[in-house]
Amino acid sequence: MKAGGLLLRLEGIDVDELSIGDAQAAVRDLAVVKGATARLEARVARRIAELDHGPVSDHLGRQGRTSRRAAERTERRAGLLGDTRLLDEALGAGKIDTEHADTVASAAGRLDNDQRQRLIDRDAELAELATSRTPEQFRFDVSKIVDEIRNDDGLTRDAQQRAAATFAMGVNKESGMYWFRGELCPEDANRFRKRIARRTNELLKRPEHAGKRRDQIDAAAIVDLVTSARSTTRATRSTTDAVIHIPYSLLVGHPTSATAEYSDGTPMSAAAARRHACDANIIPIVLGGDSMPMDVGRERRLATPEQRHALRAMYRTCAIDGCDTHFDLCHIHHLLEWDHDGFTDLDNLLPVCSFHHHKAHEGRWRLQLDSSTRQLTVTLPSGNAHSISLPDRVDENIRNRPAA
């Protein structure tokens, strides 16, 4: 059914009477309508460009009542979709989201003309990947493809990102509050983010911050770290370490499709990975190398730093299938609760976001982990299956394994 017919059907549904199956079907129909709308918007944007009546983003912003940034993003997407027929068709059919298309458009904008054409020539590969991957996973895939096209182990991208770092601040005239905006290269951003998270966790324990939102306490943490006005913690190696994840095959120079990454899932070039592995301020977690003892039984309740590193080597995000909350914002959950004689061993630990942590406890969701494969089965209180999944990095290793 075409998008117009789906829209008519959606307008006729009684939302208050939907079953879960009907609601899921409605979401799928909405994805098709949104994709078809985005595809048409891109065609209109390309027509505006052909008419040559000023910057396309100006027309999109004024007539579409959208911000300049959103209008410019739409203009870039339109140009990309005009050159990639299969991605364009996938978007129109609701098989991919605008985030997938924007990822390719952003990557194309950082390439020279010859390299951009080589990326566009991989339209079929890009469309196949986009239809089977989440936007976050697809960004990772596109980053690898761009490094292949440049054929320089990512050295160009590393240098460009570091050189392109920016910072700006100004005053919101309505509120009188200052705003900040900036972009950092992945390496610096990961150090920055971890320092803020660590300081925020310290401030959360203070009574003066009770009841505040996380973003409000993050703001106080930044002020502490920059001005040292209220900071009582001295910076040590443990506060500045970054954790990176390097497949063993990449580290020793073997041909591989695997990619190194920072702890928040941001891809890292091969050249940067090898440099970091030699850096005394970096803790390397070499996937496929020798392991260290990871089980502490009943000796302590909370997961050790080594256990957290080991779990992060398997999970980029919350362990619950479909949740994109990245690992550093997750709680480490005991499958058999500590108060019920559960052990603080890897076989009994999972990273889960705050929402799913509550579901596992107060929500009575049942989480069952196969310790030999890390396959997680999640069952709802009704007895219906929610999901069966592997850790994303384990799943990728299986899919990337050469056929026998």
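None of the values given here were measured: they were computed from a predicted structure. All heavy atoms count here, side chains included; hydrogens, waters and symmetry mates do not.
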N190/R193 under side chain to side chain donor-acceptor pair (under 3.5 Å): CA gap, chis, key distance, verdict:
CA-CA 5 Å; N190 270 269; R193 177 181 55 79; 2.7 Å; yes
D58: which of E75, Q63, H53, R68 passes side chain to side chain contact (heavy atoms under 4.5 Å, CB included):
R68
Sub-4.5 Å side-chain heavy-atom contact between W338 and T344
yes
Side chains of V352 and C330: closer than 4.5 Å at any heavy-atom pair?
no
Go through the steps for K212 and H209 under the test side chain to side chain donor-acceptor pair (under 3.5 Å), then give the verdict.
CA-CA 6 Å; K212 290 184 179 179; H209 295 296; 3.2 Å; yes
The test is salt bridge (charged side-chain N to carboxylate O under 4.0 Å, His left out); show your working for D123 and R85 and say whether it passes.
CA-CA 7 Å; D123 181 25; R85 178 180 60 83; 5.8 Å; no
Cation-pi geometry met for R133 and F140 (6.0 Å, 45°):
no
Between T98 and A38 the two heavy atoms that sit nearest each other are CG2-CB, 3.5 Å
Tell me whether D345 contacts the main-chain N or O of D347 through its side chain, where contact means a donor paired with an acceptor under 3.5 Å.
no
Would E187 and R191 satisfy salt bridge (charged side-chain N to carboxylate O under 4.0 Å, His left out), going step by step from the backbone distance to the final call?
CA-CA 7 Å; E187 180 180 345; R191 287 196 175 100; 2.9 Å; yes
Show your reasoning for whether side chain to side chain donor-acceptor pair (under 3.5 Å) applies to R110 and S106.
CA-CA 7 Å; R110 297 192 298 270; S106 177; 3.0 Å; yes
Where do E202 and R199 land on the salt bridge (charged side-chain N to carboxylate O under 4.0 Å, His left out) test, with the steps shown first?
CA-CA 5 Å; E202 294 171 358; R199 185 59 180 148; 2.5 Å; yes
Looking at H358, H356, H357, which hits ring pair (Phe, Tyr, Trp, His ring centres under 6.0 Å) with H333?
H357
